[in-house]
2 protein chains.
Amino acid sequence: MKYKPGQIREDNVQKILAAGEKVFASQGFKGASMQQIADLAGIPKANLHYYFKTKDSLYLELLSRMQSLWNSALDDFTPSDDPAEVLSRWIEVKVEMGYQHPLSSKMFAMEVIQGAPHLRRHIREVTRPWFEQRVATIQQWIDHGRIAAVDPAHLIFLIWSSTQHYADYATQILTLTDQRRYRRKDIEHIKGSLIRMILAGCGLNIPERWQTVLSSQPDFLEVSPMQIELQGGNQRLA
Amino acid sequence: MKYKPGQIREDNVQKILAAGEKVFASQGFKGASMQQIADLAGIPKANLHYYFKTKDSLYLELLSRMQSLWNSALDDFTPSDDPAEVLSRWIEVKVEMGYQHPLSSKMFAMEVIQGAPHLRRHIREVTRPWFEQRVATIQQWIDHGRIAAVDPAHLIFLIWSSTQHYADYATQILTLTDQRRYRRKDIEHIKGSLIRMILAGCGLNIPERWQTVLSSQPDFLEVSPMQIELQGGNQRLA
DNA sequence: GTCTATATCCGGATAGAC
DNA sequence: GTCTATCCGGATATAGAC
């Protein structure tokens, strides 16, 4: 059996990226070790350095892929769109992204909390123009009386914070609600609850498709467990 | 001039705790180094180990003080209280706490994102009973028709996430809004915006004292800058 | 209580045989 | 492409003079 040329490389790079995401998400940049990543990927540390010369380059590669991923869901919208549709769809997508990609959400969170040393430029040059556009659009909705006179920037922050919370603080939420992981129906319920509260906060009615979902939903669609549990608190230093 | 016995110790411990908070908040537990903390506190590393035998014990001491601090503002409330008053006061206090103590907010965030290895027990044994009480109280408000039928747990998560966001993601928010740090009037505006949106999300009217504040406020009361900028992204490894 | 010097180990990164 | 052996700096922590 022959393999495509470059197949081994591609496989290894994938394994490394997956392992790196886990370790960086659970230890932060400085806390993560190349040894740990190599072990998790199942390859010797020297091989890891063969594929990624430095720890920094691996981290940057992960951040860069993360940006593409989240940018693809940036949910563009214009003043002529329907506010209730746009906002509920936006909340929906952000919660779903956090569910499908909890690790990149956590990596991003840690990076920003630590002062965004690797992402400052991106935030200033990419996120900020996008943000200002959205603020302007929401402001137009307000000016036309299509939503309540909330502060557009703080509405955006409210959507960001509330949706990301379920991915980043999964440990706390799952402990408080006495669960081991999120189920598909939990996710739909989160979407519904946030849409209900935030849209009402803007004086909007909830789109029809969400009015029924607020009570129950089948849960046979589990995809990616949101919890990670790398080695569950194995701080060697205890 | 004589000093009280134990005065030196107390002073040093204070300096160490302050430095530790900064470093742990900006690098996470594993990423922080005792050398860095000692330097920031202005004492030799060996002295640091004289006061705190291990890195772990220093970290635990900080977490423990953090818990007392935030518990003191846990904002108890009962079914007979006025929902609008309770919720607006709660949001107010949480935003203010994040403004006054951004570092402990960040430390907590990093700890939870990393799976809460040092806090799991506390969340299960202290936070959870508190959480269940609050859920029950809010549920009673709903049953008596005093607020809209939102999911109580998700309302709590919404308040937690939206208020903490301004402390934890300060770097991003300040970059997007083109500011160097929060001003007192920003904080009042944040409180007002969140109260307006979240209370409306529960079908509540805004308490009188917040109806005027939503436009302006003097800003001569600056206290603690929310931004930390330890050494601003000095990742040696670049 | 303070601080220099050091023990011990683990970190990132590389050399070079296979 | 793979992997053992190794370099070296920096990590936690301690010994012991002052």
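Sequence lines set the chain letters: A, B, ... in the order given, protein chains first and strands last, and positions in each chain run from 1.
The aromatic rings of A:Trp90 and A:Trp130 lie perpendicular to each other, with more than 60° between the two planes, well past the 30° mark. Aromatic ring orientation, B:Tyr169 versus B:His165: parallel (interplanar angle below 30°, classes split at 30° and 60°).
The distance from atom CZ of A:Phe24 to atom C1' of C:dG11 is 13 Å, rounded to the nearest whole Å. For B:Asp56 and D:dT12, the CG to C1' distance is 12 Å, given to the nearest whole Å. Note: CG (A:Asp39) to C1' (D:dC3) measures 14 Å, nearest angstrom. Distance B:Asp11 CG to C:dG1 C1': 13 Å, rounded to the nearest Å. Protein atom NZ of A:Lys30 is 11 Å distant from nucleotide atom P of C:dG12, rounded to whole Å. Rounded to an integer number of Å, the gap from A:Tyr50 OH to C:dA15 P is 15 Å. Distance, A:Met34 CE to D:dG10 P: 18 Å, rounded to whole Å. The distance from atom CG of A:Asn12 to atom P of D:dT2 is 5 Å, rounded to the nearest whole Å.
B:Tyr51 comes within 4.0 angstrom of the backbone, heavy atoms only, and of no base. Residue B:Ala32 is in sugar-phosphate contact alone, with no base atom involved, counting any heavy-atom pair closer than 4.0 Å across all strands shown.
Proximity of B:Asn47 to the phosphate of C:dT4: no side-chain N or O atom is located under 4.0 Å from OP1 or OP2. Not one side-chain nitrogen or oxygen of B:His49 sits closer than 4.0 Å to the OP1 or OP2 atom of D:dT14.
Minimum atom distance to the side chain of B:Ala46 is reached by C:dT4, of the listed C:dT2, C:dT4, D:dA13. The nucleotide whose nearest atom lies closest to any side-chain atom of B:Pro44 is, among C:dT4, C:dG12, D:dA13, C:dT4.
Using a 4.0 Å cut-off between a side-chain N of Lys or Arg and a carboxylate O of Asp or Glu, B:Lys185 and B:Glu188 do not qualify as a salt bridge.
Side-chain atoms of A:Lys55 stay outside donor-acceptor range of the base of C:dG11, with no qualifying N/O pair under 3.5 Å.
A side-chain donor-acceptor contact under 3.5 Å links B:Ser57 to the backbone of B:Thr54.
By the 6.0 Å and 45° rule, B:Arg9 does not stack over the aromatic ring of B:Tyr51.
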